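Notes follow once the structure below has been shown.
None of these values were measured; they are calculated from a predicted model.
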Amino acid sequence: MACASRRAPPRSGGSSLWPVPAGLADLTGADPAGSDSIAVDGKTARGSRHGTSPAAHLLAAMTADGRTVTQLRVPDKTNEISCFAALLAPYDLAGVTVTADALHTQRAHARFLVEEMNAHYLLVVKANQPELHRRLRSLPWKEVTARRYDREAGHGRRETRVTRALTIAGLGLDFPHAVQAVRILRHRTDLKTGTVSRQSIYAITDLTSQEASPERLGRLARSQWTIENRLHFVRDTTFAEDTSKIRTAHGPENMATLRNLAINALRAAGHRNIAAGLRHASYEPFTRPLDLLGIA
């Protein structure tokens, strides 16, 4: 089954289209035009499972500064791949770099973004593209001089990331519009146990070395990882989404959309901690939520 249309058919006797949940998400989401990047990722609302019906799986797009653009429910018996273009097609993404995990490292997605949307891409490459992954791993990374080091500490760990970029045009990697390959080597140290882990992540992009240095490529990759922390994790921990028992019809995606709206409104008002922002709004429940939404 393909991903659902963005709008439902006209009501009986009427001529105008009326919004379905994707339309609600579009109306309440942020405008991505002019953003440096948007990240695409999916999340399952685990509590929405009912009998033999699977839990609702929602595909979302978020700007690098933490504003949700929109989301779509992925139809049962399919996966996120079929909804990627439908999620992004309504928006002006000219010049915007779209990041996504390895599931979306699809040739059709790359062509859609560059040829139809005039956008750019940074896509993670893993074993689901075995030949491409093998070719990227075999590149002469130790000889690459274009690199960036980033260090940070937080959440009980210390992390160092080394981003290397290599121009691959002309190497015959057989991926549409691919110009640069990226390798990010992550070293993590658990500050409590002293355990050290190491992970290499590979990605490809249509951005040239003039358009995207290793510093920018590392930042773009980081924005993809933060959708989990700034959207999915917040909906789980602050709004207890996975324990919600709303299961029927469009309930799960409608409620997720309202949670996204609350997160967007609180971030726009300057709240970095969403839980603290909700508490602040609750102290004057008849005025502060309306003020956040710009409703007099």
Side-chain angles (χ1 to χ4, degrees), residues 30 32 35-44 57-71 80-81 84 87-88 96-106 109-110 113 119-129 133 136-137 147-165 180-191 195-207 212-238 241-242 260 263-264 267 272-274:
S35 299
D36 180 58
S37 67
I38 63 172
V40 174
D41 197 20
K43 177 187 181 299
T44 299
H57 189 78
L58 308 172
L59 184 65
M62 188 187 78
T63 63
D65 60 357
R67 297 173 298 132
T68 302
V69 176
T70 189
Q71 71 177 15
E80 295 177 15
I81 295 173
F84 184 88
L87 181 80
L88 301 175
V96 178
T97 300
V98 176
T99 68
D101 62 19
L103 177 65
H104 294 291
T105 305
Q106 306 289 330
H109 289 1
L113 290 172
H120 301 288
Y121 66 79
L122 178 75
L123 301 172
V124 174
V125 178
K126 292 184 179 178
N128 62 320
Q129 295 277 358
H133 188 249
L136 291 182
R137 290 183 61 189
R147 64 184 68 177
R148 165 76 178 187
Y149 291 85
D150 292 288
R151 296 177 177 86
E152 63 181 36
H155 304 288
R157 65 174 181 256
R158 184 172 61 249
E159 180 172 299
T160 299
R161 296 183 300 276
V162 184
T163 303
R164 288 178 169 88
Q180 286 196 93
V182 186
R183 188 182 80 166
I184 302 174
L185 182 60
R186 301 167 70 181
H187 292 268
R188 283 182 175 176
T189 302
D190 188 303
L191 298 179
T195 302
V196 177
S197 62
R198 172 175 167 165
Q199 180 185 24
S200 290
I201 298 166
Y202 297 92
I204 51 175
T205 180
D206 69 308
L207 293 164
S213 64
E215 178 183 5
R216 186 183 178 207
L217 292 170
R219 186 171 67 249
L220 288 169
R222 186 70 171 165
S223 71
Q224 173 62 32
W225 302 332
T226 57
I227 188 173
E228 179 66 31
N229 295 328
R230 304 199 72 188
L231 182 63
H232 300 159
F233 181 77
V234 172
R235 291 207 324 235
D236 278 344
T237 58
T238 303
E241 181 169 272
D242 277 354
N260 294 342
I263 294 169
N264 282 3
R267 288 212 172 107
R272 299 186 64 182
N273 185 299
I274 300 302

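Taken from CG in Leu123 to CD in Gln106, the straight-line distance is 9.0 Å, to the nearest 0.5 Å. The distance from atom CD1 of Ile38 to atom CG of Leu220, rounded to the nearest 0.5 Å, is 12.0 Å. With values rounded to the nearest 0.5 angstrom, Arg164 atom CZ is found 5.0 Å from Arg183 atom CZ.
Qualifying side-chain hydrogen bond (donor to acceptor under 3.5 Å, both in side chains) partners for Thr105, counting only residues two or more places apart in sequence or in other chains: none. Remark: Glu152 engages Arg161, Arg222 in a salt bridge (charged side-chain N to carboxylate O under 4.0 Å, His left out) (not counting sequence neighbours). With sequence neighbours left out, Thr68 forms a side-chain hydrogen bond (donor to acceptor under 3.5 Å, both in side chains) with no residue at all. With sequence neighbours left out, the side chain to side chain contact (heavy atoms under 4.5 Å, CB included) criterion links Thr189 to Arg158, Val196. Residues satisfying the ring-ring contact (aromatic ring centres under 6.0 Å, His included) criterion with His232, sequence neighbours excluded, are absent altogether. The salt bridge (charged side-chain N to carboxylate O under 4.0 Å, His left out) test applied to Asp242 returns Lys43, Arg46, not counting sequence neighbours. For Arg67, the side-chain hydrogen bond (donor to acceptor under 3.5 Å, both in side chains) test picks out Asp65, with sequence neighbours left out. Leu103 pairs by the side chain to side chain contact (heavy atoms under 4.5 Å, CB included) definition with Glu80, Ile81, Asp101, not counting sequence neighbours. Asp36 meets the side-chain hydrogen bond (donor to acceptor under 3.5 Å, both in side chains) test with Arg216; sequence neighbours excluded. Partners of His133 under the ring-ring contact (aromatic ring centres under 6.0 Å, His included) rule, at least two apart in sequence or in another chain, are Tyr202. Residues forming a side chain to side chain contact (heavy atoms under 4.5 Å, CB included) with Ser197 (at least two apart in sequence, or on another chain): Arg188. By the side chain to side chain contact (heavy atoms under 4.5 Å, CB included) test, Ala39 pairs with Thr99, Gln224, Ile227, sequence neighbours left out.
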Would you sort out whether Asp150 and Glu159 count as a side chain to side chain contact (heavy atoms under 4.5 Å, CB included), showing the intermediate values? CA-CA 8 Å; Asp150 292 288; Glu159 180 172 299; over 6 Å; no
Tell me, with the steps shown, if Phe84 and Leu113 meet side chain to side chain contact (heavy atoms under 4.5 Å, CB included). CA-CA 10 Å; Phe84 184 88; Leu113 290 172; 4.0 Å; yes
If you apply the rule side chain to side chain contact (heavy atoms under 4.5 Å, CB included), what do you find for Ile263 with Met62, and how did you get there? CA-CA 11 Å; Ile263 294 169; Met62 188 187 78; over 6 Å; no
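When every heavy atom of Gly66 is checked against every heavy atom of Asn264, the shortest pair comes out as O-OD1, 4.0 Å. The two atoms that bring Ala61 and Leu87 nearest to each other are CB-CD2, 4.0 Å, heavy atoms only. Closest non-hydrogen pair, Val98 versus Val40, comes out as CG1-CG2, 4.0 Å. The shortest non-hydrogen separation linking Ala221 to Ile184 is CB-CD1, 3.4 Å. The shortest non-hydrogen separation linking Leu59 to His104 is CD1-NE2, 4.1 Å. Nearest heavy atoms, Gly218 versus Thr163: CA-OG1, 3.9 Å.
Looking at Asn128, its side chain does come within 3.5 Å of a backbone N or O of Ala102 through a donor-acceptor pair. Here the side chain of Thr205 pairs a donor or acceptor atom with the backbone of Tyr121 at under 3.5 angstrom.
Leu122 has its side chain out of reach of Leu207: every pair of non-hydrogen atoms, C-beta onward, lies at least 4.5 Å apart.
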